[in-house]
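Here the structure is laid out as structure tokens; the discussion comes afterwards.
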Amino acid sequence: MKYIDEYRNPRLARTLLEAIRRRVSRPWTIMEICGGQTHSIIRNGIDQLLPDTIELVHGPGCPVCVTPLESIERALLLASKKEVIFTSFGDMLRVPGSSRDLFMVRSEGGDVRVVFSPLDALQIARDNPSREVVFFAVGFETTAPANAMAVHQAAREGIGNFSILVSQVMVPPAMRAILRMPANRVQGFLAAGHVCAVMGYEQYLPLSAEFHVPIVPTGFEPVDLLAGILKTVELLEDSQPEVVNSYGRVVSREGNLAARGTIDKVFEVVDRQWRGVGLIPESGLGLRSEYAGFDAEKRFHLSHMSTEESPLCMSGSILQGVMKPDGCPAFGAECTPQHPLGATMVSSEGACAAYYNYHRNL
């Protein structure tokens, strides 16, 4: 299968591993940003095949994991309203709030529906003009274009019963926050290829220059990841803190200009809370004033929500690369996919779920 099998080729993977072993001369700590990359690394045992001198730590690039608890509580409140059809990607339904999740609300009679696109939610609004339809708009730059398009389309058609609960975040501000942490150990980044496909890799140039850190956009298959790690190691060993694109078949310098234009038309940069991390300035996207009528928070007059995280959950430290999932005392004991304490255990891109599903150090 073109574009897949060749990037799972064992011979190529062994060649890249040998090249990494020959090139590395001292310990390095590298963070893969995306939860999809984390799952591929753990599923394929890449972290165990690398030389002991290379440590991979896992970043905050799981959209479900970083959606703040306050947004989850707002979603639970909206989904409980009789007049509302609440729509969401499936991953969000099992994310625990302070005391319950969206599945529990549905079992109590809430009209909670799983959709595969915000445009599906918009169609539900067209089909149910007497109901309010809310879409839970979470994610990074990868989901922002479709969410923006749904709002733009709703405005163009004059659909008045559609709104979105916005919790959009962006990757570069989170990387900046990690690099500014006193406890930061990250010396190089593997950037998420799908985010770069939308936004391009030029967005990382100021970050690399400011913090003197190499950033390598790469993909999700084993050969992609090993090629990205090799390039990051080469840049570190040569003291070249640059941005080098290792995912050329998908990523360009400027990204998808049409998608970026759609995002800019509907959204503007705002401060945003990240679950387990806290407030990161200018790290989110919010609806522009001309689209405020589609903002579910404003439409339903949602104010501050009282929230309470489990004191046992260490997901914040895990998302910042300070701790690994198997370093959490609750991992695999009080916290499992059946009884999660935090989103990193239930999300399909969560680091804790990766360690648990692939029996890493259980």
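Remember, it's a predicted structure, so these values are computed and weren't measured experimentally. Reckoned from all heavy atoms, side chains included, excluding hydrogens, waters and symmetry mates. Residues: numbered from 1 along the sequence shown.
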Using the salt bridge (charged side-chain N to carboxylate O under 4.0 Å, His left out) rule, take E237 and R26 through it: C-alpha gap first, then chi angles, then the decisive distance, then the call.
CA-CA 8 Å; E237 292 281 343; R26 50 165 290 190; over 6 Å; no

Shortest non-hydrogen contact from V251 toward G193:
CG2-O, 3.4 Å

Test: ring pair (Phe, Tyr, Trp, His ring centres under 6.0 Å). Region: residues 180-208. Which pairs qualify, not counting sequence neighbours?
H194-F220

For a side chain to side chain donor-acceptor pair (under 3.5 Å) check, start with the C-alpha distance between E108 and S80, then their side-chain angles and the critical distance, and finish with the verdict.
CA-CA 8 Å; E108 295 163 357; S80 301; 5.5 Å; no

List the residues meeting side chain to side chain contact (heavy atoms under 4.5 Å, CB included) with R106, not counting sequence neighbours, and say none if there are none.
L93, F103, V112

Donor-acceptor under 3.5 Å (T15 side chain, R11 main chain)
yes

Backbone of G261 reached by a side-chain donor or acceptor of D264 within 3.5 Å
no

Which heavy-atom pair separates P96 from D101 by the least distance, and what is that distance?
CA-CB, 4.4 Å

Salt bridge check, R131 against D111: does any charged N sit closer than 4.0 Å to a carboxylate O?
yes

Restricting to non-hydrogen atoms, name the atom on G59 and the atom on M31 that form the minimum distance, rounded to 0.1 Å.
CA-SD, 3.6 Å

ILVMFWY cluster, W274 and F136 together (side-chain gap under 4.5 Å):
no

Quick check: does any side chain N or O of Q168 sit under 3.5 Å from a backbone N or O of F140, one acting as donor and the other as acceptor?
yes

For E202, enumerate each residue passing the salt bridge (charged side-chain N to carboxylate O under 4.0 Å, His left out) test, keeping only those at least two apart in sequence or located in another chain.
R253, R260

For L279, all residues meeting side chain to side chain contact (heavy atoms under 4.5 Å, CB included), sequence neighbours excluded:
D271, Q273

What residues, two or more places apart in sequence or in another chain, satisfy ring-ring contact (aromatic ring centres under 6.0 Å, His included) together with F135?
F89

Can you tell me if CG on D52 sees more than 12 non-hydrogen neighbours from other groups inside 6.0 Å?
no

Who passes side chain to side chain contact (heavy atoms under 4.5 Å, CB included) against E234, sequence neighbours left out?
R23, L230, K231

Taking ring-ring contact (aromatic ring centres under 6.0 Å, His included) as the definition, give me every residue that meets it alongside F294, ordered by chain and number, with sequence neighbours left out.
none

Expected output: side-chain N245 to main-chain Y247 donor-acceptor under 3.5 Å
yes

With no hydrogens and no angle check, just 3.5 Å: does a side-chain donor-acceptor pair link S40 and E221?
no

May I have the step-by-step check of side chain to side chain donor-acceptor pair (under 3.5 Å) for Y355 and H58, ending in yes or no?
CA-CA 11 Å; Y355 274 59; H58 318 306; 2.7 Å; yes

Shared hydrophobic cluster for I159 and V266 (ILVMFWY, side-chain gaps under 4.5 Å):
yes

Should we count CD of E282 as having more than 12 external heavy atoms under 6.0 Å?
no

Closest heavy-atom pair, I54 versus V24, reported as atoms and distance to 0.1 Å, is CG1-CG2, 4.1 Å

Which residue is it: K82, R299, K81? I am looking for the one with a salt bridge (charged side-chain N to carboxylate O under 4.0 Å, His left out) to E132.
R299

Would you please name every residue forming a salt bridge (charged side-chain N to carboxylate O under 4.0 Å, His left out) with K298, sequence neighbours left out?
D295

Identify the heavy atoms of A296 and L78 that sit nearest to each other, and give their distance.
CB-CD1, 4.2 Å

Is a side-chain donor-acceptor pair under 3.5 Å present for T53 with W28?
no

Determine yes or no for a side-chain-to-main-chain donor-acceptor pair under 3.5 angstrom, with H339 supplying the side chain and E334 the backbone.
no

Heavy-atom pair of closest approach, residues V57 and E32
O-OE1, 2.8 Å

Taking only residues two or more places apart in sequence, or in another chain, which ones meet R249 in a salt bridge (charged side-chain N to carboxylate O under 4.0 Å, His left out)?
D224

Is there a donor-acceptor contact under 3.5 Å from the side chain of Q320 to the main chain of I318?
no

Would E210 and R180 pass as an ion pair if we require N to O under 4.0 Å?
yes

List, by chain and number, the other hydrophobic cluster members for L341, where Ile, Leu, Val, Met, Phe, Trp and Tyr join if side-chain heavy atoms come within less than 4.5 Å, directly or indirectly.
L312

Approximate separation, where rounding is to 0.5 Å, of N147 CG and M149 CE
11.5 Å

I'd like to know if the side chain of T232 and the backbone of L190 have a donor-acceptor N/O pair within less than 3.5 Å.
no

Rounded distance (nearest 0.5 Å) linking atom CD1 of I215 with atom CG of L207:
4.5 Å

Indicate yes or no: does R360 engage D47 in a salt bridge with an N to O separation below 4.0 Å.
yes

Distance-only, no hydrogens or angles: does the N256 side chain make a donor-acceptor pair with backbone N or O of A258 under 3.5 Å?
yes

Suppose we screen for salt bridge (charged side-chain N to carboxylate O under 4.0 Å, His left out). Which residues come up paired with R74, at least two apart in sequence or across chains?
E70, E297

Please check if the side chain of R272 supplies one atom and the backbone of V169 the other of a donor-acceptor pair under 3.5 Å.
no

Check: E349/T38 side-chain N/O donor and acceptor closer than 3.5 Å
no

By side chain to side chain contact (heavy atoms under 4.5 Å, CB included), A209 pairs with (sequence neighbours left out) none

S208 side chain vs V213 backbone, donor-acceptor pair below 3.5 Å
yes

